[in-house]
Engineer: 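Encoded as structure tokens, here's the structure I'll be asking about.
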Amino acid sequence: MVIGEDLYIPLRSEYIKIETIDDHYFYIRKEYGITQTFKAMLECPSENPENEVSVNGDSLMTQSACRYLAYKHRYTDVPPDIPLFTVPPEYMVELLILADFMRC
């Protein structure tokens with residue numbers, strides 16, 4: 001995952017660029033980030049050639065959501081010895097709202 005405001009990274013088809021409401025960008029692998037919401041946003045590649053989506057969360061919440069997507073991808077279908085995914089309690093409500101939007 002690459003975080004940057006003015007950082008240019010050529011997008012390849014295997015990455016999704018996520019823009020936050022405070023104008024930060026996150027790049028995650030498409031295999032991590034294909035949620036129902038993102039899939040609907042990316043369905044027509046001719047309208048969205050850069051694989052870019054916008055979310056209604058700030059950069060802090062979006063970073064936590066991206067961490068969760070990577071965690072979920074890594075630990076899906078793994079034996080029951082999975083480490084806990086921790087989130088600070090003060091992020092819980094906002095993160096649940098963003099996760100609901102992203103359907104992750």
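Computed from a predicted structure; not experimentally measured. For this chain, numbers begin at 1 and follow the sequence in order. Computed from heavy atoms alone, side chains included, the values below leave out hydrogens, waters and symmetry copies.
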Engineer: Could you give the distance from CG (N56) to CE (M102), rounded to the nearest 0.5 Å?
Structural biologist: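 If we round to the nearest 0.5 Å, N56:CG and M102:CE are 11.0 Å apart.
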Engineer: How close do P83 and Y71 get, counting heavy atoms only, and between which atoms?
Structural biologist: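 The answer is O-OH, 2.5 Å.
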Engineer: For R67 and F85: C-alpha separation, side-chain torsions, deciding distance, then whether side chain to side chain contact (heavy atoms under 4.5 Å, CB included) applies.
Structural biologist: CA-CA 9 Å; R67 282 184 41 242; F85 182 81; 3.8 Å; yes
Engineer: Spell out, yes or no, whether L95 and I21 are grouped together once hydrophobic residues are joined by side-chain heavy atoms under 4.5 Å, including indirect joins.
Structural biologist: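 Different clusters.
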Engineer: Membership question, hydrophobic clusters at under 4.5 Å side-chain separation (ILVMFWY): are I18 and I97 in the same one?
Structural biologist: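 The answer is no; the residues belong to distinct hydrophobic clusters.
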Engineer: Please report the interatomic distance NZ(K72) to CD1(I82), rounded to the nearest 0.5 Å.
Structural biologist: 12.5 Å
Engineer: Are the side chains of Y15 and K30 in touch, meaning some heavy atoms are under 4.5 Å apart?
Structural biologist: no
Engineer: Is M92 reachable from M61 through a run of I, L, V, M, F, W or Y residues, each pair having side-chain heavy atoms under 4.5 Å apart?
Structural biologist: yes
Engineer: Apply side chain to side chain contact (heavy atoms under 4.5 Å, CB included) to the pair T35 and K39, showing each step before the final yes or no.
Structural biologist: CA-CA 6 Å; T35 65; K39 188 175 184 177; over 6 Å; no
Engineer: Are any of the side-chain heavy atoms of T20 and D58 separated by less than 4.5 Å?
Structural biologist: no
Engineer: Output the distance between atom CD1 (I28) and atom CD (Q63), rounded to the nearest 0.5 Å.
Structural biologist: 12.0 Å
Engineer: May I have the step-by-step check of side chain to side chain contact (heavy atoms under 4.5 Å, CB included) for C66 and Y32, ending in yes or no?
Structural biologist: CA-CA 8 Å; C66 290; Y32 296 176; over 6 Å; no
Engineer: Could you tell me whether a side-chain N or O of Y25 sits under 3.5 Å from a main-chain N or O of E52, the two making a donor and an acceptor?
Structural biologist: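 Not a single qualifying donor-acceptor pair exists.
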Engineer: Applying a strict under-4.5 Å side-chain criterion to I, L, V, M, F, W and Y, I'd like to know whether Y75 and L69 cluster together.
Structural biologist: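 Yes, Y75 and L69 fall within the same hydrophobic cluster.
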Engineer: What closest approach, in Å, do G57 and L98 show between heavy atoms, and which atom pair accounts for it?
Structural biologist: N-CD1, 4.0 Å
Engineer: Measure the shortest side-chain to side-chain distance between V55 and F38 over non-hydrogen atoms and say whether it is less than 4.5 angstrom.
Structural biologist: yes
Engineer: Find out if a path of hydrophobic residues (ILVMFWY) with successive side-chain heavy-atom gaps under 4.5 Å connects V87 to L96.
Structural biologist: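 Looking at the clustering, L96 is in a separate group from V87.
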Engineer: Taking all non-hydrogen atoms of both residues into account, name the closest pair between D23 and E19 and its distance.
Structural biologist: OD1-OE2, 3.5 Å
